[in-house]
Amino acid sequence: MRKWFFILLCICSTAVWAQDFRVTSFSLLESDLTARVDPVLDLNGDACALVRVMADKRFEFSGPLGIVKREDKTAEILLYVPAGTKALTISHPRWGMLRNYMLPLVLEGRRTYELVLRPTAVVEAVPELMTDTLIERPVVESMEAELVTKEIQIKQRKSYPTHWVFMAQSSIGKTFSSGAMIAYLHRVGFYGSFLSNWASVKSDGLECDKNGTLYSTNTTPYYKTTSKQTFYIIDAGATLLLARGFWAYGGAGYGARQKYWETIDGQVVKNKDLSTEGLALSLGTILTYRQFSAQVGLKSIALKDIMLTAGIGISL
């Protein structure tokens, strides 16, 4: 008889400590702009959701997508969690654990929610032993919660960071040029770029070789020591995610660099041998960190005119 009494006492004591708290409410705080005005970003650079927890400071929290930041305030706990969080595991050193609590709402970035936790009345174990019926406490763990958690983990592995990037760009080569690049960054994305020295030259329709000999008359006039040139290159292509916040890009387009000499008579002659135009190729890398983005790469025109490019801008 003493043996069975001891077994029942252990079972009931375990039941008492299994979980002695409950979620009394969970709601969206429409008027709370804390998460929107002062956002906290996750590892992907996306804004988190804020959960204001009204509970004892000894509570601990975890989730399939992790907890980005926790702040203990005077009367509440501030949890910043990634957008898309659907469940939380809540534990307390004395009151037990609530595993995979399914939130009534899928959390959205830059929005604030309130979670209220309250302890339940502790069940006295010894008086229950005086009866013939053993009261069993429900176990807060279901097959549905486990399946949802696995689904969230699978989606997390399959998700990739997504950014729109806008950058001011410049190149260093035979001439200095400037322009812009726009890119949509995903696992596989795309970009477009334009560079120019923003110069305009009005030609008289004459052309010469590298020695200055005119093709039309086969004569070599005298030239001024100064020269002019125009340059532009436009290209587009694909981007590929290499690591978190780091992409490679490559593409093709068209470019031209026109060199002009001016005779002492004031005629503007295009130096065909010193000019380059045709297929433009581009290759480089893009780095993003929060709202910051940068780019370094190489461009070429007809595989002859090669230049180094660099850019800096914003990431959305």
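Taking the six-membered ring for Trp and thresholds of 30 and 60 degrees, Trp164 and Phe190 have ring planes more than 60 degrees apart, a perpendicular arrangement. Taking the six-membered ring where tryptophan is involved, the planes of Phe194 and Trp198 are perpendicular, since the angle between them exceeds 60° and thus also 30°.
A donor-acceptor contact closer than 3.5 angstrom links the side chains of Gln295 and Thr309. Lys270 and Ser203 are not linked by any side-chain donor-acceptor pair at a separation below 3.5 angstrom, with hydrogens and angles left out of the test. Using a 3.5 Å distance cut-off with no hydrogens or angles, the side chains of Tyr191 and Asp235 do pair a donor with an acceptor. Checking Glu71 against Tyr80 by side-chain atom types alone, no donor-acceptor pair falls below 3.5 Å.
In this structure, Asp46 contributes its side chain and Gly109 its backbone to no donor-acceptor pair below 3.5 Å. The backbone N or O of Leu195 lies less than 3.5 Å from no partner atom in the side chain of Ser177, so there is not a single donor-acceptor pair. Not one N or O on the side chain of Ser170 forms a donor-acceptor pair closer than 3.5 Å with the backbone of Ser178. Between the side chain of Asp42 and the backbone N or O of Cys48, no donor-acceptor pair lies under 3.5 Å. Of the possible polar contacts, one joining the Ser275 side chain to the Lys259 backbone as a donor-acceptor pair under 3.5 Å is found. For the pair His92 (side chain) and Arg94 (backbone), a donor-acceptor distance under 3.5 Å is present. In this structure a side-chain-to-backbone donor-acceptor pair under 3.5 Å is missing from Thr230 to Ser200.
Residues Val269 and Leu274 share a hydrophobic cluster, clusters being chains of Ile/Leu/Val/Met/Phe/Trp/Tyr side chains in contact below 4.5 Å. Put simply, Tyr232 and Leu281 are part of two different groups of oily side chains (I, L, V, M, F, W, Y) that touch within less than 4.5 Å, one to the next. Leu241 and Met167 end up in the same hydrophobic cluster when Ile, Leu, Val, Met, Phe, Trp and Tyr side chains are linked at under 4.5 Å. Connection of Leu98 to Val116 is not established within any shared hydrophobic cluster, with ILVMFWY side chains joined at heavy-atom distances below 4.5 Å, either directly or through further cluster members. Clustering ILVMFWY residues whenever any of their side-chain heavy atoms sit less than 4.5 angstrom apart, transitively, puts Phe246 in a cluster other than the one holding Tyr249.
Using a 4.5 Å heavy-atom cutoff, the side chains of Met181 and Val165 are not in contact. Looking at heavy atoms from C-beta onward, Gln267 lies out of side-chain contact with Glu262 at the 4.5 angstrom threshold. Taking 4.5 Å as the limit, some side-chain heavy atom of Asn218 sits within range of a side-chain heavy atom of Thr213. Side-chain contact between Leu214 and Pro221 is present, with heavy atoms from C-beta onward closer than 4.5 Å. At a threshold of 4.5 Å between non-hydrogen side-chain atoms, the residues Thr162 and Leu185 do not count as touching. Counting only heavy atoms from C-beta outward, the side chains of Leu78 and Leu50 approach each other to under 4.5 Å.
For OH of Tyr289, the number of neighbouring non-hydrogen atoms (other residues, nucleotides, ligands) closer than 6.0 Å is 12 at most. The environment of Asn211 atom CG is dense: over 12 non-hydrogen atoms of other residues, nucleotides or ligands sit within 6.0 angstrom.
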Next on the checklist: Checking Leu206 against Ser216 for the side chain to side chain contact (heavy atoms under 4.5 Å, CB included) test, could you report, in this order, the C-alpha distance in whole Å, the side-chain angles of both residues, the deciding distance, and whether it holds?
Outcome noted: CA-CA 7 Å; Leu206 300 175; Ser216 59; 4.1 Å; yes
Next on the checklist: Please evaluate residues Met307 and Ser300 with respect to the criterion side chain to side chain contact (heavy atoms under 4.5 Å, CB included), reporting the C-alpha separation (whole Å), side-chain torsions for both, the decisive distance (0.1 Å), and the verdict.
Outcome noted: CA-CA 6 Å; Met307 66 213 73; Ser300 70; over 6 Å; no
Item to check | Residue pair Glu277, Tyr254: steps toward the side chain to side chain contact (heavy atoms under 4.5 Å, CB included) verdict | outcome: CA-CA 8 Å; Glu277 60 182 310; Tyr254 185 83; 2.8 Å; yes
Checklist entry - Hey, mind stepping through Arg257 and Lys174 against side chain to side chain contact (heavy atoms under 4.5 Å, CB included) and telling me if it holds? => result CA-CA 9 Å; Arg257 183 191 302 279; Lys174 294 181 179 180; 3.8 Å; yes
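Each side chain to side chain donor-acceptor pair (under 3.5 Å) pair with one or both residues in residues 30-39, not counting sequence neighbours, appears once here: Glu30-Arg111, Asp32-Thr34, Asp32-Arg52, Thr34-Arg52.
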Exercise answer: donor-acceptor pairs, residues 53-63 side-chain atoms, under 3.5 Å, sequence neighbours excluded:
| unit_1 | atom_1 | unit_2 | atom_2 | d |
| --- | --- | --- | --- | --- |
| Asp56 | OD1 | Arg58 | N | 2.7 |
| Asp56 | OD1 | Arg58 | NE | 3.2 |
| Asp56 | OD2 | Arg58 | NH2 | 3.4 |
| Lys57 | NZ | Lys73 | O | 2.8 |
| Lys57 | NZ | Thr74 | O | 3.1 |

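Screening Asp72, Val51, Leu115 for a side chain to side chain contact (heavy atoms under 4.5 Å, CB included) with Ile77, the sole residue that qualifies is Asp72.
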